[in-house]
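Below: one structure, written as C-alpha cells.
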Amino acid sequence: MPNEYNPKSIEAAVQKVWDNNKSFEVTEDPDKEKFYCLSMFPYPSGKLHMGHVRNYTIGDVVSRFQRMQGKNVLQPMGWDAFGLPAENAAIKNKVPPAAWTDHNIADMRGQLKKMGLAYDWSRELATCKPDYYRWEQWFFLRLLEKGVVYRKKATVNWDPIDQTVLANEQVVDGRGWRSGALVEQREIDQWFLKITDYADELLQDVKKLEDWPEQVRTMQANWIGRSEGVELSFGIENSDERLSVFTTRPDTLMGVTYVAVAPQHPLALQAAANNEELTTFIESCKNTKVAEADMAKMEKKGMATGMMAIHPMTGDKVPIWVANFVLMSYGSGAVMAVPAHDDRDWEFATQYGIEIKQVIDAVDGESVSVTEGAYTKKGVLINSGEFNGLSSKLAFDAIAEDLTNQGKGHKTVNYRLRDWGVSRQRYWGCPIPIIYCDDCGAVPVPEKDLPIELPTEIEFDETGGSPIKKMPEFYQTTCPSCAKPATRETDTFDTFFESSWYYARYTGADNDQSMLDKRADYWLPVDQYIGGIEHAVLHLLYARFFHKLMRDEGLVSSDEPFSKLLTQGMVLANTYYRENDNGGQDWIAPDQVDVQHDAKGKAISATLRADGQPVLSDGMSKMSKSKNNGVDPQILIDRYGADTLRLFSMFAAPPEQSMEWSDSGVEGANRFLRRLWRQVQEHIASGDEVVLDTKNLSNQQADLRRKLYLTLQKVTDDMGRRFTFNTAIAANMELLNDVSKFDDKSEQGRALRQEIFTTVILMLSPIAPHICETLWKSLGKTSLLIDESWPQVDASALVQENIELIVQVNGKLRGKITVAIDAKDEEIKQQAQDADNVKRFIKENLADKSVRKVIVVKGRLVNIVVA
RNA sequence: GCCGGAGUGGUGGAAUUGGUAGACACGCGGGAUUCAAAAUCCCGUUUUGGCAACAAAGUGUGGGUUCAAGUCCCACCUCCGGCACCA
C-alpha cells in the first residue's frame, strides 16, 4: 500500500472492481424493498458540465445511501438525444445530427464513468434510436384512436426569408437569428394532446405529492390555473353571431364598457376586411414572437373595430376592440372589459378614453374612487339594477343564474393550462406517424409499418429548414387505407415527448415486443427524482400527464411517476468581461483572470493574466457557454480525482440552493481527502487492531465516542431525510478534527480510533466512494465496502450525566451553567440566578427592578425576565 | 407583466420545531517545519471599544408579534428560475 493519496490509480482500480462484480446491475427482487433513484437524463451536448456533475452526484449519494439501507436500488442513465443543438451543430459544421449525437454520447458516457456513478449501464437508452422512439409512435397512435389527440391551427414564429419555423430562442429582438428577418406569427396545422382533459386530475394529484417541494407543487397548481367563473356571450349588432367570453367576476358584468378580442379572432379579421387601418394594426401585432413573456412586456395597444357588442343583461351597445394582449390560444380569444374593477382594463380604457363605470363599492363603507385606478377587491354591487346591494359573492350566483335562465351563459370551470402542441417543424426529432391522403385525410401509419425511421444520412442547407421536408424519398408514400399516392407527415414530436416516459422505459429498455412490461410495476413509481428547478413546470407536468395516459392504457398501475422530488439549484461561477468596440462584451474565462484582494481578502479588482490589464466583473452567474465562465469537470477529475469533485459539489451548498464555483474550494476538498488518507495511514501504522472495552473508557475517550455517535446520528438524518450533504460532510470534518487533537496513544485510544475511522469511512462512502473503498481495505476489512450496510448508532455511547445550559437575562446571553441531566426546574432556576455574570445583570444593572419570571427550556436555556 | 424562490462575516455556507448567530470550509494574518519553496501542522480571524474579563451593535430595508425572531406577520428593495418551440 503506497502511502500517498493517488486518486487516479485508486479510482481506476476501484471502478474496475465494481465493473467486474457488476455491482450496480439490478433485477427485480420481490423479497427486497426496491428503491428507484433517477436523475434527469442529459442532453448530449458533447461535454459534461458542472450542472451534470452536481445533479448526478446528488443522485449517486442518495442511491448509495439507500443501498446501504438494504434496498434494491435501481439507478439508470440515458440520453435525451433529440433536440435543436444537434441541428445547429449540423448547420455549422456540416456533420449530420445522428453522427454528432452518437459521438457526443460516447464522450459523455466516458466522462460519467470516470465520476464513479453507481449506474446500471445495462439499461442505457438514447431517445434518438428507433428502438426507443418507435414506442412513442405506437403510443401516439393509440392515443389518436382513443381521441386524446387532435389537430388544429396554432401560431408559430415564421422566418419569411429562410422560410422556416423558429424556436423562441432563435428569435432575437424580434428577428430571426440567422436571417435577421422580422419574424411573423403564422398559423399552421399541428397535432395536440388533450392535456386539459386531465387538468382536474393533474391538479388534484398535486395535493398528493407530499414529498415534492412546496414551491414546485404551487407552480404546478398555478400553471394549471383552475378558476371558477361564468362563460357568457354577447350579441353582435347586425349579426346573428354571438361573442363568447369567460369571466371570474360576473358580479362586475354591469360594469362592462367594452369587449376586447385577439388580433387573430374571426371578428377582428371580419372587421378588418373593409378597414385598412385595422388591417395594418392586426398585421403589426404579428411582428412579435409567440412567447407569453414578450406578449406581457410589450406596450398594450388596441384599436376599435367599429363593431358593437350587445350587453347580455342591459342590451346596451359596447364597442368591440382588438387588443394585442388578448391571447387567441387562451379561452375563447375574447374578454369582457370592466375598467373600473380590473387593472389592465383600467389602463387600457384610460389610454383610449373608454368609459369607466363603477359597479362595486367597498363593504366597509371605505370611499372608492375609480378615477385613479381600478378597485379590484370584492364588495357590494351598485349601478347594477336589480342586483344592487348584493355582495360580490351573492351577485356571482344571481347573475350566473339569470344568464343561465336567459340561455346566455352558465357557470363553468376554466383552466389556464392549454392543450399540448406536440408538432415541431424540425428534423432532429421523432417522426409523427401519420400519412396525409387527399381522399382519406390524416391516416395513421399501420402498426406493422412502425417505426417510421428518421433518415440519418442527410445534409442541412443554409436556411436551417428540416431536410426531410425536402426529401421526396422520405415523404412520398401511399395511403394505407386507399393505396393512392399520399404524403407522409414531416413534422416531428416535441422533445418533451421523449422525456415524458423515459423513466418508465428504463425498467425494461431491452424489450423489443412492447413499450413496457410488468417490470415497470416492480420499479415504478420513481422513489427519488432529481433535477434542475428549471423543469419545475413543463417537463414535470408533461411527464405526470404521460404517466396518467400510460396508466389509462394499462401500461403502468400507479397514478404518479415520481414519489419524491429534489430540485437542485444552478451552478454559478465568476464572470469577467471587457467592453469591445461595438459596445458589447467580450467574455473572459475565469481561469485567465487574476484577482486582487484587499487586506481582508475581499476581491477589489481583476486583471487578465495575458496582459496584466484590468477586466470588469459581472459577479456570479450561471455557468454557460455564452458567458464563457464554464469549468470543465474533466480537467478537475484529471487533476484532483472524481472524489474531490464529488466532495466539493456536495460541500459547497445544500442541493436545492445555487452553488458557487470556487477553485480554492476544490483544493480545500482535496486537502480534506488527503488529510483523511494520512490520518488513516498513520493509524494503521500505529499498531495492530485491539478490541475496544466500552465499559472502561476515560472521560476523554467517552467524550470522543459520544461525538462519534452524535455525528452518525446527524449524518444519517442529513443524508436520509434532509439531503443536506454539506452539513453531513461538515460533521465528519468536525469529528476528524477532534480525532486529530486526541493524542491518546493507549491501546484503548487506538481501538477507539479504529471504530471512528471505520464509521467515518462508511459515512463518507456515498460521497467519496473510491477513497473510502480503498481505505476500507487498508483498515483490514476483507469485504467490499460497496456491499456494506449503514452503521448503527450505539445508544449507550450517547448517555450523558451533565449538560450545559445557557442563561439569558431579558433574552441576552449572560452566562452558562452545568447541571445534571435530570435536574429539576427549581434547581436550574436557582443555579442560573446564582451564576456570576448573571447575578451582576440582575442586581447591579437593574437595581430597582425585580425578577418577573424565569423560563426554562428543557436541555437548552434559562431566560430570566427582569422588569 | 404573471407565477415561484433567494438575500446571514472578506467569501461559500451553518443555525433542523421561535431558544447560544457565524458550525464546517475558503481567504487573510501570525507562528512552526525547511538552505529555500511547495506541502504539512499550530494559533487568530463579524464589527466597534478593551491587555483581558467583558460590553455594545449586528442576519437586504422599514414596521410589528413574543420572555426570546436569521426563523413568524405586514410593507418595500435587489437578485435569480419559469412563462408553453432551449433542454
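Residue numbering restarts at 1 for every chain, and letters A, B, ... go by the order of the sequence lines. Worth knowing before you read on, the calculation uses all heavy atoms, side chains too, and leaves out hydrogens, waters and symmetry mates.
- Taking the C1' atom of each, B:U46 and B:G70 are spaced 15 Å apart, rounded to whole Å.
- Residue-level contact check: A:Val216 touches neither bases nor backbone, having no heavy atom under 4.0 Å from any strand.
- A distance of about 25 Å separates the C1' atoms of B:C77 and B:G22, rounded to the whole Å.
- Of the listed nucleotides (B:C41, B:G5, B:A56), B:G5 has the atom at the smallest distance from the side chain of A:Gln215.
- Out of B:A87, B:G4, B:A55, the shortest distance to the side chain of A:Met219 is found at B:G4.
- Between the P atom of B:C24 and the CZ atom of A:Arg675 lies a distance of 11 Å, rounded to the nearest Å.
- Applying the 4.0 Å criterion to OP1 and OP2 of B:A57, one finds that A:Lys812 has a side-chain N or O inside that range.
- Using a 4.0 Å heavy-atom distance criterion, A:Phe672 is classed as making no nucleic acid contact.
- Among the nucleotides B:U16, B:G19, B:C24, the one closest to any side-chain atom of A:Asp717 is B:U16.
- Listed nucleotides: B:A84, B:C80, B:A23. Nearest to the side chain of A:Tyr542: B:A84.
- At B:C26, one or more side-chain N or O atoms of A:Arg671 fall inside 4.0 Å of OP1 or OP2 (strictly under the cut-off).
- Using cut-offs of 30° and 60° on the angle between ring planes, the pair A:Phe648 and A:Trp661 is perpendicular.
- Helical stems involving RNA chain B, defined as 3 or more consecutive Watson-Crick or G-U pairs under 3.5 Å, span B:1-7 with B:77-83, B:10-12 with B:24-26, B:27-32 with B:40-45, B:46-49 with B:54-57, B:60-64 with B:72-76.
- Under the 90° criterion around 0 for the glycosidic angle, B:G63 counts as anti.
- Using C1' as the reference atom, B:G63 and B:A69 are 14 Å apart when rounded to the nearest Å.
- One atom, CD of A:Glu667, and another, P of B:G12, lie 18 Å apart when rounded to the nearest Å.
- Distance check on atom C1': B:C76 versus B:C24 gives 34 Å, rounded to whole Å.
- Residue contacts for A:Val165: at a heavy-atom cut-off of 4.0 Å it reaches a base atom on one of the strands shown.
- Within the 4.5 Å cutoff, the side chain of A:Val809 has heavy atoms near those of the A:Val838 side chain.
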Problem set entry | Derivation and outcome, ring pair (Phe, Tyr, Trp, His ring centres under 6.0 Å), residues A:Tyr502 and A:Phe41 | CA-CA 9 Å; A:Tyr502 76 108; A:Phe41 64 167; 3.6 Å; yes
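- Of the candidates B:C83, B:U20, B:G4, the closest approach to any side-chain atom of A:Leu813 belongs to B:U20.
- A:Lys627 places its NZ atom 11 Å from the C1' atom of B:C80, with the value rounded to the nearest Å.
- Nucleic acid contact for A:His535: base, since at least one base atom lies under 4.0 Å from a heavy atom of the residue.
- Residues from residues 653-663 of chain A lying near RNA chain B, meaning a heavy-atom separation below 4.0 Å, are A:Pro654, A:Gln657, A:Ser658, A:Glu660 in numerical order.
- Each of A:Gly421 and A:Glu214 was assigned the nucleotide of RNA chain B with the nearest heavy atom; the assignment lying further toward the 5' end belongs to A:Glu214.
- Atom P of nucleotide B:A87 and atom CG of A:Leu541 are separated by 17 Å, given to the nearest angstrom.
- Across all strands shown, A:Met298 has no heavy atoms under 4.0 Å from either base or sugar-phosphate atoms.
- Across all strands, A:Ala291 comes closer than 4.0 Å only to sugar-phosphate atoms, never to a base (heavy-atom distances).
- A:Trp223 comes within 4.0 angstrom of a base, heavy atoms only.
- Summary of the strand contacts: A:Thr495 and A:Thr727 both lie near RNA chain B, and taking for each the nucleotide with the nearest heavy atom, the more 5' one is attributed to A:Thr727.
- For A:Val865, taking side-chain heavy atoms from C-beta onward, the closest of the listed nucleotides B:C3, B:A84, B:C67 is B:C67.
- The same atom, C1', is picked in B:A38 and in B:A56; the two are 44 Å apart, to the nearest Å.
- A donor-acceptor pair under 3.5 Å links the side-chain atoms of A:Asn732 to the main chain of A:Ala728, judged by distance alone.
- Across all strands, A:Phe496 comes closer than 4.0 Å to base atoms (heavy-atom distances).
- B:A21 and B:A75 have their P atoms separated by 29 Å, with the value rounded to a whole Å.
- The residue A:Ala536 sits apart from the nucleic acid: no heavy atom pair falls under 4.0 Å.
- The phosphate of B:C54 (OP1 or OP2) has no side-chain N or O of A:Arg840 nearer than 4.0 angstrom.
- Note on A:Asn726: only backbone sugar-phosphate atoms sit closer than 4.0 angstrom, heavy atoms only; bases stay farther off.
- Checking the phosphate oxygens (OP1, OP2) of B:A56, a side-chain nitrogen or oxygen of A:Arg814 falls inside 4.0 Å.
- Residue A:Asn737 contributes atom CG, which lies 12 Å from atom C1' of B:C42 at whole-angstrom precision.
- For the pair A:Asn837 and B:A53, the criterion of a side-chain N or O lying under 4.0 Å from OP1 or OP2 is not met.
- Using a 30° and 60° split on the angle between ring planes, A:Trp420 and A:Phe497 fall in the tilted class, from 30° to 60°.
- Side-chain atoms of A:Gln351 come within 3.5 Å of backbone N or O of A:Lys300 as a donor-acceptor pair.
- Straight-line distance between the C1' atoms of B:U65 and B:G10: roughly 35 Å, to the nearest whole Å.
- Listed candidates were B:A23, B:A87, B:A84. Nearest to the side chain of A:Pro85 is B:A87.
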Checklist entry - When you look at A:Phe672 and A:Trp677, which way does the ring pair (Phe, Tyr, Trp, His ring centres under 6.0 Å) test go after all the steps? => result CA-CA 9 Å; A:Phe672 171 73; A:Trp677 180 271; over 10 Å; no
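- The pair A:Asp491-A:Lys469 meets the salt-bridge criterion, with a side-chain N (NZ, NE, NH1 or NH2) lying under 4.0 Å from an Asp/Glu carboxylate O.
- Nucleotides B:C73 and B:G19 place their P atoms 15 Å apart, quoted to the nearest Å.
- What separates NZ of A:Lys853 from P of B:C67 is a distance of 5 Å, to the nearest Å.
- When the P atom of B:G12 is taken as reference, atom CE of A:Met733 falls 17 Å away, rounded to whole Å.
- Backbone-only contact: A:Arg860 has heavy atoms under 4.0 Å from sugar-phosphate atoms and none from a base.
- Summarising the geometry, the separation between NZ on A:Lys152 and P on B:A84 is reported as 15 Å, rounded to the nearest angstrom.
- An OP1 or OP2 oxygen of B:U40 is reached within less than 4.0 angstrom by a side-chain nitrogen or oxygen of A:Arg674.
- When heavy atoms are screened at a 4.0 angstrom cut-off, A:Leu861 is found touching base atoms of the nucleic acid.
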